[in-house]
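Throughout, a chain's letter reflects where its sequence line sits, starting with A, and its residues are numbered from 1. Only this structure's heavy atoms are used, side chains among them; waters, hydrogens and symmetry mates stay out.
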There are 2 protein chains.
Amino acid sequence: MKEKETTLKVIAEKLNISITTVSKALKDYSDVSPKTRERVLELARELNYTPNSFAVNLRTKESKTIGLIIPEVVHHFFSSVINGIIAEAEKNEYLVIILQSNESLELEKKQVQLLINKRVDGIIMSLSNESNDDDHIREIIQRNIPFVMFDKISKIIPCSKVIIDDQKAASAAVEHLISVGCKKIAHIRGPVNPQNAIDRFLGYKKALEKNQIPFDKNLVYTCVRVSFEEGYAFAKEICENHPDVDGIFVITDLVAVGVLAYLNEHHIKVPEQIAVIGFSNWFMSQVIQPKLSTVDQPSYEMGVSAFNLLLKEIKAVKEEQPKVIENVVLDTQIIVRESTKK
Amino acid sequence: MKEKETTLKVIAEKLNISITTVSKALKDYSDVSPKTRERVLELARELNYTPNSFAVNLRTKESKTIGLIIPEVVHHFFSSVINGIIAEAEKNEYLVIILQSNESLELEKKQVQLLINKRVDGIIMSLSNESNDDDHIREIIQRNIPFVMFDKISKIIPCSKVIIDDQKAASAAVEHLISVGCKKIAHIRGPVNPQNAIDRFLGYKKALEKNQIPFDKNLVYTCVRVSFEEGYAFAKEICENHPDVDGIFVITDLVAVGVLAYLNEHHIKVPEQIAVIGFSNWFMSQVIQPKLSTVDQPSYEMGVSAFNLLLKEIKAVKEEQPKVIENVVLDTQIIVRESTKK
DNA sequence: TTTATAATCGAAAACGTTTTCGAAATTACC
DNA sequence: GGTAATTTCGAAAACGTTTTCGATTATAAA
């Protein structure tokens, strides 16, 4: 036999008072006498009462749950962001539903629909490489659902964003290569679509210009999958076709590690013959040989501020205040390790 | 002015039919005429109707949402498991709320409560290192909430589990070290509490016995935080106090990478002087120097079967069938790389 | 004692859906 | 035409909570 759930009703019946009073007692309303409040609290504790969140959701029209869509979970950067988001969410008594788009626009669209249908209180998102300012994103805005983008954003969508200054960071990385004596610097860039790949490429170009190094489009290699293997393959191409390249700026550490693997295997000295700098400061980068120089991106903090921006929007929407769009740009930092220490 | 939500009621009013009929039309009940069904479907599409999940949850007493508690998100193994779980969940139209215990029992307890209060349809969990068969776990069982444990499990909790045979896998790893000629093998083990650390230790011991190598408790080092730094420090201790050790079996790759870092820095040849084998096959292991031998643990598949076990339980509970406890033991595989290839 | 004020309570509606069961309308059959 | 069988519909209850507003009771003031 199943014991029945403890609801306001059973408490009310046992105490011979109304459901209303029970509810008020539990929520510290002022119009319930200390005596009855005490009796209610005690019985509630005894019967292990927990409010039925389904009913609360329906009544209050909020679920204290947010949705998070990211391209990949198994990814040092993204899992760190997740970490920041769920930590901050928990502090504020929010739960986080995580979905993974696998870099597929189609999946991403489905997932946005899922979250809208679930009526989450807000959505945090980093776009897939295929995605830009598409209808599904616009629908979120249109429905006035609190919405924050981070990292892989779309510039033209009007919403709060948490990013780094990719262009500036990339410039700094390339200037670091120049400062250690590199004269001919290749760039292994990310896919054509994502804004941060574009910005890092622009940063690369700008740093060259600033230092009177001619830009050569043949020295730019474009990743499709942003993988270890691509790094390996492009390193091979660079060495075979441009033996005078003495520095490589790579879109992200994972790819840079592929580059190092090729260079190591072919006994090309890093950094003496070719200096390499990555991006994102994956954990891996500090344990490989040679240790990889990189750009540190505050991933955990990104998660924290993305959640806090979202929370602000959630509150604003609840109080029917006008929406405030806020952009947070977090600082990056060049981490110099062996791969550029000439 | 806010346009009001599309509900069954507004559709019903516009078509001058009852809410009941609208609901039935949308859910393909047989007792609604093709004509009215068509009218309903069309208007629903036009008004972009999506059922209010809060109301559905309340009515059906299920939310198509499960909870997942793990010790750490930023962890190659766990993020792979997450990947498997949310992929499989999505196929079955479930969403996943993820919580991170940070290896803290106290946090874990809070989170279990959170999920119970949220009334998720089921819970998947990997215990924190501090946790064992505690009250909060028992409460899940007691409330008859579908529940599956994986990886870090408690042997005495009666519930479905997805694990590997840690003891067997550890034995195989140690026997592999023996097969390449190691005579004196140290073990850097995990914390005292978790079952898998215990089992791997037992596997280590058993492999020694089987090969007539005397067990020496001084060659066993116990991690507390299971970190890179501990690997580094224990490697130092081993080299300084037991210079004749020629093989090390390490609880997990992260720690093993710390070991390799120390050995590399001190020009101790791996595997010639000391062979090293890790556990879990983190991505990192194939890109460091020397490439790390390890035990491959099918993390993605673990996630998939954990979800499927949970789904079975959810269905069983819904149909009020007796609970079936099922244990899935997945295969592991020794991956031989440079760190043991003598 | 009467009246006014404050403290305490509860009825009822609402949130939006699902489902049961009976009523009404249509069709089939003779 | 009437009756029976079938199709189509809708009223209403239920899920469990929150909140408004009016009613009742106890206390204070006159």
Side-chain angles (χ1 to χ4, degrees), chain A residues 2-41 43-44 47-65 116-121 143 318, chain B residues 2-41 43-44 47-65 93 116-121 143 318-319:
Chain A
K2 54 180 92 169
E3 70 271 47
K4 67 174 156 190
E5 290 264 0
T6 304
T7 65
L8 294 183
K9 194 172 167 194
V10 326
I11 296 182
E13 280 167 359
K14 293 217 183 201
L15 294 179
N16 250 325
I17 56 180
S18 76
I19 293 177
T20 308
T21 306
V22 177
S23 173
K24 287 178 178 173
L26 291 168
K27 309 200 80 208
D28 264 345
Y29 271 61
S30 61
D31 62 345
V32 38
S33 72
K35 267 173 298 179
T36 46
R37 182 196 318 284
E38 207 32 71
R39 293 203 306 151
V40 169
L41 289 180
L43 187 57
L47 297 182
N48 201 8
Y49 170 77
T50 60
N52 182 313
S53 66
F54 297 159
V56 176
N57 290 347
L58 177 60
R59 184 56 225 234
T60 62
K61 293 172 177 304
E62 59 175 14
S63 59
K64 292 280 192 176
T65 304
I116 291 178
N117 293 351
K118 260 278 157 179
R119 285 172 155 72
V120 289
D121 296 348
R143 289 197 182 229
K318 195 154 57 175
Chain B
K2 56 179 91 171
E3 70 270 49
K4 66 175 153 189
E5 290 264 359
T6 304
T7 65
L8 295 183
K9 195 172 165 193
V10 326
I11 296 183
E13 280 167 359
K14 293 217 185 200
L15 295 179
N16 252 323
I17 56 180
S18 76
I19 293 178
T20 307
T21 305
V22 176
S23 173
K24 286 179 178 173
L26 291 168
K27 309 198 80 210
D28 264 345
Y29 272 60
S30 62
D31 63 345
V32 37
S33 72
K35 268 172 297 179
T36 47
R37 182 197 316 285
E38 208 30 73
R39 293 204 305 152
V40 169
L41 289 180
L43 187 57
L47 297 181
N48 202 7
Y49 170 77
T50 60
N52 182 313
S53 65
F54 297 159
V56 177
N57 290 346
L58 178 59
R59 183 54 225 234
T60 62
K61 294 173 177 304
E62 59 174 14
S63 59
K64 292 278 193 177
T65 305
E93 299 184 297
I116 290 178
N117 292 351
K118 261 280 157 175
R119 285 174 155 72
V120 290
D121 295 349
R143 290 197 181 229
K318 195 154 55 175
E319 293 162 10

Taking the side chain of [X] as heavy atoms from C-beta outward, which of [options] is closest to it?
X: A/Leu58; options: D/dG16, D/dC9, D/dT17; result: D/dG16
X: A/Pro34; options: C/dT8, D/dT17, C/dT17; result: C/dT8
X: A/Ser33; options: C/dC9, D/dT17, C/dC15; result: C/dC9

Looking across every strand, which nucleic acid part, if any, lies under 4.0 Å from [X] by heavy atom: base, sugar-phosphate, or nothing?
X: A/Asn52; answer: sugar-phosphate
X: A/Lys27; answer: sugar-phosphate
X: B/Thr20; answer: base

Nucleotide [N], atom [atom2] - distance to [atom1] of [X] in whole Å:
X: B/Ile19; N: D/dA12; atom1: CD1; atom2: P; value: 12 Å
X: B/Asn57; N: D/dC15; atom1: CG; atom2: P; value: 16 Å
X: B/Leu8; N: D/dA12; atom1: CG; atom2: P; value: 18 Å
X: A/Arg39; N: C/dT8; atom1: CZ; atom2: C1'; value: 13 Å
X: A/Arg119; N: C/dG16; atom1: CZ; atom2: P; value: 8 Å
X: B/Phe54; N: C/dT17; atom1: CZ; atom2: C1'; value: 13 Å
X: B/Lys24; N: D/dC9; atom1: NZ; atom2: P; value: 9 Å
X: A/Glu5; N: D/dG16; atom1: CD; atom2: P; value: 7 Å

Checklist entry - Does A/Glu5 pair with B/Lys61 as a salt bridge, N-O distance under 4.0 Å? => result no
Checklist entry - Around A/Lys14, counting heavy atoms of other residues, nucleotides and ligands shown, do more than 12 lie under 6.0 Å from its NZ? => result no
Next on the checklist: More than 12 heavy atoms of other residues, nucleotides or ligands under 6.0 Å from CD of B/Glu319: yes or no?
Outcome noted: yes
Checklist entry - Between the side-chain atoms of B/Lys61 and the base atoms of D/dG16, is any donor-acceptor pair under 3.5 Å? => result no
Item to check | Interatomic spacing from OG1 in A/Thr50 to NZ in B/Lys118 - rounded to 0.5 Å | outcome: 12.5 Å
Checklist entry - Going from OG1 on A/Thr20 to CG on A/Leu8, what distance comes out if it is rounded to the nearest 0.5 angstrom? => result 9.5 Å
Give a yes/no answer on whether the side chain of [X] brings an N or O atom under 4.0 Å of OP1 or OP2 in [N].
X: A/Thr21; N: C/dC9; result: no
X: A/Tyr29; N: C/dA7; result: no
X: A/Tyr49; N: D/dG16; result: no
X: A/Ser23; N: D/dG16; result: no

Item to check | Residue closer to the 5' end of DNA chain D, A/Thr7 versus A/Asp31 (nearest nucleotide) | outcome: A/Thr7
Does any non-hydrogen side-chain atom of [Y] lie less than 4.5 Å from one of [X]?
X: B/Val32; Y: B/Val40; answer: no
X: A/Tyr49; Y: A/Leu43; answer: no
X: A/Asp121; Y: A/Thr65; answer: no

Checklist entry - Is there a residue in residues 9-18 of chain A whose heavy atoms reach under 4.0 Å of DNA chain D, and which residues are they? => result none
